[in-house]
Amino acid sequence: MKIYREKDVDSFALAGREVAVIGYGNQGKAQAMNLRDSGVKVVIALREGSERMKTATRDGFRVGKIEDVVGRVHVIAMLIPDEFHMDVWNKYLKGRLREKAMVVFASTVAVHFEGMNFDSNIDVVLVGPMGPGDALRSEYRAGRGLPAKVSVMQDASGRALDMCLAYAGALGCARVGCIETTFKTEAELDLFSEQVVLCGGIPYLALRAFEVLIEKGYPPEQAYIETVQEIRAIADLMFRYGIDGMRRRISTTALYGGKVAGESLIDDEVRDKMLSLLESIRSGRFYKKFKGERPVNRQELEAIPDDMREAREKVSKLFISDVDRLFGR
Ligand SMILES: NC(=O)c1ccc[n+]([C@@H]2O[C@H](COP(=O)([O-])OP(=O)(O)OC[C@H]3O[C@@H](n4cnc5c(N)ncnc54)[C@H](OP(=O)(O)O)[C@@H]3O)[C@@H](O)[C@H]2O)c1
């Protein structure tokens, strides 16, 4: 695995270049702020009527409409939800960018699964920070960084990798490391890990366990602590020491019980379901369904009924964001 670090970054590659950040949400705001603090000239590009024009202006950025900005800058970061990448590319960017401009994506999902094509005179790259905007910003401010995935899909300038790494460097990601990947691998792995482990597997496992304990009459607060709150301690151990390192640091009862229950819960049936999810992702069926069925906004998406809704609502009421609050300190 190729990992780029600060020594690989030509920090002058972005000198004198202006970056247009399209979107001022989770990633857009954090990336724009990190770029600016790294000395990069930034303009925020939003669709007409965006409420966030005011916020970005209040945060000290120059702001413009997407169509007025993208043709004059050197770098365009596409930091809007994946399902709108194709529309925004076709509507505002296609055929309008400067020669050898660079378009940066933070996710390759739409590019890969919608088979997006780009003007041949531009660079197209991925700089995908491995974490949400909040963490990208707070790590940067603490003098650290989040790692990122990087890839060059199209290199018209002959300098796309240098520019891509300079962009990642300005986000603070090269302080930790930038992992080289491809658009295809990144798109498939991204969806698989979200569905099977991070946003599907872990939360739904916790909710199901919570539901079982409530059903059997345990106090909700304690059920919550055991099934949700304690995930953090184990995740921290896995993050710091790896899975074996975590296992060395837990009690013998937990080690034995975890092995017996883990093997029985995560059995061949689960493995087959994982394979079938992977197949649906790789074939493009998942993305097609997502684009076809996805409601127009996040509120509508969240309102779709699901089996775990009741447990989720109970768990949300019990949400305790940190240990100090939990113990009333
Ligand atoms: N969230 C993460 O943790 C994370 C991590 C790594 C990578 N990524 C990737 O980063 C990219 C941005 O994700 P995000 O979570 O930051 O998105 P987000 O917060 O939902 O983005 C909101 C911004 O997108 C703009 N927008 C939405 N639809 C638009 C449209 N049709 N035309 C023009 N602008 C539109 C919004 O404009 P208005 O202001 O007008 O509403 C707003 O400024 C995605 O590719 C995502 O996969 C996200």
Side-chain angles (χ1 to χ4, degrees), residues 19-35 42-59 61 63-70 76-94 96 103-114 116 124-140 145-151 153 164 167-168 171-173 176 178-179 181 183 186-195 198-199 203 281 286-287 290-291 294-302:
V19 176
V21 171
I22 305 185
Y24 199 64
N26 191 323
Q27 282 292 319
K29 181 172 177 171
Q31 293 204 16
M33 289 186 165
N34 288 10
L35 290 166
V42 177
V43 54
I44 307 298
L46 293 167
R47 56 185 163 182
E48 188 157 17
S50 168
E51 293 280 318
R52 290 169 165 104
M53 284 200 171
K54 278 190 226 122
T55 324
T57 308
R58 229 181 10 244
D59 290 341
F61 286 105
V63 181
K65 284 191 281 175
I66 303 174
E67 58 270 40
D68 296 339
V69 165
V70 292
I76 300 102
M78 183 78 95
L79 298 178
I80 64 172
D82 302 331
E83 61 273 30
F84 302 118
H85 288 181
M86 180 74 117
D87 293 348
V88 167
W89 165 261
N90 284 330
K91 193 165 168 193
Y92 303 111
L93 278 70
K94 192 175 176 180
R96 296 187 182 178
V103 178
V104 183
F105 288 91
S107 156
T108 63
V109 165
V111 176
H112 176 66
F113 289 111
E114 296 191 45
M116 286 174 69
V124 180
V125 304
L126 161 74
V127 178
M130 290 163 63
D134 284 358
L136 183 72
R137 182 68 186 144
S138 60
E139 284 297 291
Y140 179 95
L146 279 189
K149 315 273 187 53
V150 293
S151 178
M153 180 191 178
C164 171
Y167 186 96
L171 295 185
C173 300
V176 195
C178 299
I179 300 166
T181 182
F183 271 53
E186 172 59 13
E188 292 174 356
L189 291 187
D190 198 23
L191 294 185
F192 184 76
S193 67
E194 279 169 10
Q195 293 176 23
L198 307 173
C199 314
I281 290 167
F286 164 77
Y287 192 77
F290 166 68
K291 278 276 284 193
R294 186 192 188 281
V296 286
N297 60 42
R298 184 175 275 269
Q299 286 75 16
E300 279 182 39
L301 185 62
E302 280 169 4

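All ligand and atom numbering here is 1-based and tracks the order in the structure.
- A search for side-chain contact (heavy atoms from CB on, under 4.5 Å) contacts involving His85 returns Met78, Ile80, Asp82, Phe105, Ala110, Met116, not counting sequence neighbours.
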Check the pair Leu93 / Ile22 against side-chain contact (heavy atoms from CB on, under 4.5 Å), numbers first and verdict last.
-> CA-CA 11 Å; Leu93 278 70; Ile22 305 185; 4.0 Å; yes
Could you walk me through whether Asp190 and Ser107 pass the side-chain contact (heavy atoms from CB on, under 4.5 Å) check?
-> CA-CA 8 Å; Asp190 198 23; Ser107 156; 4.1 Å; yes
Quick one: table the atom pairs, ligand 1 N or O against protein N or O, below 3.5 Å, distance rounded to 0.1 Å.
{"from": "ligand 1", "atom 1": "1 (N)", "to": "Asn26", "atom 2": "ND2", "distance (Å)": "3.3"}
{"from": "ligand 1", "atom 1": "16 (O)", "to": "Asn26", "atom 2": "N", "distance (Å)": "3.4"}
{"from": "ligand 1", "atom 1": "16 (O)", "to": "Gln27", "atom 2": "N", "distance (Å)": "2.8"}
{"from": "ligand 1", "atom 1": "19 (O)", "to": "Asn26", "atom 2": "N", "distance (Å)": "2.9"}
{"from": "ligand 1", "atom 1": "31 (N)", "to": "Arg47", "atom 2": "NH1", "distance (Å)": "3.4"}
{"from": "ligand 1", "atom 1": "39 (O)", "to": "Ser50", "atom 2": "OG", "distance (Å)": "2.6"}
{"from": "ligand 1", "atom 1": "39 (O)", "to": "Arg52", "atom 2": "NH1", "distance (Å)": "3.2"}
{"from": "ligand 1", "atom 1": "40 (O)", "to": "Arg47", "atom 2": "NE", "distance (Å)": "2.8"}
{"from": "ligand 1", "atom 1": "40 (O)", "to": "Ser50", "atom 2": "OG", "distance (Å)": "3.2"}
{"from": "ligand 1", "atom 1": "41 (O)", "to": "Arg47", "atom 2": "NH2", "distance (Å)": "3.3"}
{"from": "ligand 1", "atom 1": "41 (O)", "to": "Arg52", "atom 2": "NH1", "distance (Å)": "2.8"}
{"from": "ligand 1", "atom 1": "43 (O)", "to": "Tyr24", "atom 2": "N", "distance (Å)": "2.9"}
{"from": "ligand 1", "atom 1": "45 (O)", "to": "Asp82", "atom 2": "OD1", "distance (Å)": "2.5"}
{"from": "ligand 1", "atom 1": "45 (O)", "to": "His85", "atom 2": "NE2", "distance (Å)": "3.4"}
{"from": "ligand 1", "atom 1": "47 (O)", "to": "Asp82", "atom 2": "OD1", "distance (Å)": "2.9"}
{"from": "ligand 1", "atom 1": "47 (O)", "to": "Asp82", "atom 2": "OD2", "distance (Å)": "3.3"}

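- The backbone N or O of Met130 sits nowhere less than 3.5 Å from a side-chain atom of Lys149 that would complete a donor-acceptor pair.
- Contacts of Glu139 classified as side-chain contact (heavy atoms from CB on, under 4.5 Å), with partners at least two apart in sequence or in another chain: Arg144, Leu146.
- Residues passing the salt bridge (Lys or Arg N to Asp or Glu O under 4.0 Å) test with Asp68, sequence neighbours excluded: none.
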